[in-house]
Asker: 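Got a structure here, written out as structure tokens. Questions coming.
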Amino acid sequence: MQPFYVIGDLHGHYTRLMNLLRAANLVDADLHWAAGDATLCFMGDFCDRGPQGIECIDLVMRLQREAELAGGQVVALMGNHEPLLLAAHRFGMQETDGPGGSFWGDWHYNGGQVSDLERLTAAHVEWLSNLPAMVQVEDRLLMHADALFYIGYGRSIEEVNRHIGQVLQSSNEYEWDQLLVAFTERLAFVRGQIMAEVPMNHVERAQIFLRIYSGPERQSRLATQIIHGHTPIPYMTQQQPQQIIQAHIYADDLCVNVDGGLYLGGPGFVHVVEE
Ligand SMILES: [Mn+2]
């Protein structure tokens with residue numbers, strides 16, 4: 001298996017993104033793709049909380065084009081902050097049940113940056129609206145959130161992506177709100193997390209999740225591990241954000257959290273998947 005690279009939630013921290021990409025030699029000094037036929041995956045949550053979401057999105061969009069020309073691949077997943085931003089853009093002050101009282105208010109409550117929304121173009125909207133929520137790369141299952149709600153959108157990767165994509169194409173604000181609420185789930189694979197509706201332990205939940213979305217009946221290799229972001233590692237390990245320089249592997253090695261908590265002050269890291 002060819003190694004591939006994973007970078008967690010950026011939340012508008014463009015300077016740290018540039019540093020990480022250069023340090024790993026994934027780009028050259030001028031930020032052009034330098035990794036040839038390699039695969040680099042971003043876990044979503046490009047914007048909000050930090051100041052330069054649009055810069056992060058623009059760079060990932062460009063690297064995606066450059067990598068493709070070089071025979072490589074940049075995978076960009078959808079996090080919860082992409083639909084938050086798109087909903088603020090699309091529905092503005094229309095009411096929600098969320099903490100901000102409206103789509104704009106909920107986005108702003110969750111760290112939305114007015115300067116990002118002001119600079120959002122039709123090309124950004126198009127790109128953000130079509131990001132996959134879930135992908136399999138080699139024998140790893142990648143999704144933004146450590147959450148089970150994806151099962152409600154489909155029982156194959158294609159079905160999940162199609163249904164979430166349909167929500168983002170629809171003008172039904174109830175379905176948008178439902179998606180945003182669903183995306184607040186986290187910690188589904190952590191020991192001791194009680195989920196009344198799912199009477200299994202954390203390891204069994206991860207095993208079943210992997211079996212639903214991969215394996216022979218899916219004509220795919222069985223995925224052996226879930227890679228996710230969404231919940232900053234310091235919230236799982238009680239470490240200081242500044243100390244987080246590698247992924248957190250847990251649930252009997254079935255789960256890998258790559259969210260270094262950049263918006264909390266973490267330096268970030270590039271996670272290399274090698275076997
Ligand atoms: Mn998230």
Side-chain angles (χ1 to χ4, degrees), residues 6-14 16-17 20 41-54 56-57 60 75-89 96 98-100 103 105-113 116-117 120 124 127-135 141-153 160-161 164-165 167-168 176-190 193 206 209 226-237 241 244 247-248 250 255-266 268-269 271:
V6 184
I7 295 181
D9 311 32
L10 298 172
H11 282 302
H13 284 282
Y14 181 61
R16 266 169 271 175
L17 169 61
L20 290 173
C41 304
F42 288 95
M43 299 304 295
D45 282 4
F46 299 100
C47 58
D48 303 347
R49 305 201 195 282
Q52 291 181 284
I54 293 295
C56 291
I57 291 167
V60 173
V75 174
L77 284 180
M78 175 179 299
N80 52 311
H81 285 266
E82 287 73 38
L84 273 167
L85 175 68
L86 290 168
H89 173 72
T96 63
F103 285 99
D106 292 345
W107 163 75
H108 195 250
Y109 175 89
N110 282 288
Q113 305 290 304
D116 282 344
L117 188 56
L120 193 71
H124 294 137
W127 187 79
L128 292 168
S129 304
N130 287 291
L131 297 177
M134 192 185 275
V135 297
L141 183 67
L142 280 71
M143 59 199 198
H144 174 72
D146 44 341
L148 303 182
F149 80 87
Y150 294 99
I151 297 171
Y153 284 94
V160 168
N161 291 334
I164 292 181
V167 173
L168 298 190
W176 278 77
D177 203 18
Q178 288 286 102
L179 177 64
L180 295 174
V181 170
F183 248 131
T184 62
E185 185 194 341
R186 62 176 80 248
L187 299 171
F189 309 113
V190 165
Q193 184 78 356
F209 207 89
I226 294 166
I227 300 180
H228 70 82
H230 190 53
T231 301
I233 293 169
Y235 291 147
M236 283 193 180
T237 65
I244 307 294
H248 174 55
Y250 67 103
C255 296
V256 180
N257 185 350
V258 294
D259 181 358
L262 270 65
Y263 77 86
L264 302 170
F269 54 85
H271 178 63

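Just follow the structure's listing: the first ligand is 1, and inside any ligand the first atom is 1.
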Asker: Strictly under 2.8 Å, is any N, O or S atom of Thr231 next to the Mn ion (ligand 1)?
Answerer: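 Given the 2.8 Å cut-off, Thr231 does not count as a ligand of the Mn ion (ligand 1).
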Asker: Restricting to N/O/S atoms, is His230 within less than 2.8 Å of the Mn ion (ligand 1) or not?
Answerer: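 It does; at least one qualifying atom falls short of 2.8 Å.
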Asker: Given NE2 of His144 on one side and OD1 of Asn80 on the other, what angle do they make at the Mn ion (ligand 1), to 10°?
Answerer: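 Taking the Mn ion (ligand 1) as the apex, I get 90° for this pair.
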Asker: Counting backbone and side-chain atoms alike, does Asp45 have an N/O/S atom under 2.8 Å from the Mn ion (ligand 1)?
Answerer: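 So Asp45 does bind the Mn ion (ligand 1) by this criterion.
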Asker: Compare every heavy atom of Leu84 with every heavy atom of Leu180, then report the nearest pair and how far apart it is.
Answerer: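 The answer is CD2-N, 3.6 Å.
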Asker: Can you name the nearest heavy-atom pair linking Met78 to Pro83, along with the distance?
Answerer: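 Closest approach of Met78 to Pro83, heavy atoms only: CG-CD, 3.9 Å.
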Asker: Heavy atoms only: give me the nearest Val256-Tyr250 pair and the separation to one decimal.
Answerer: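 Heavy-atom minimum between the residues: N-CE2, 4.4 Å.
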Asker: Specify the closest pair of heavy atoms between His144 and Leu77, including all atoms of both residues, with the distance to one decimal.
Answerer: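 Looking at all heavy atoms of both residues, the shortest contact is N-CD1, 4.0 Å.
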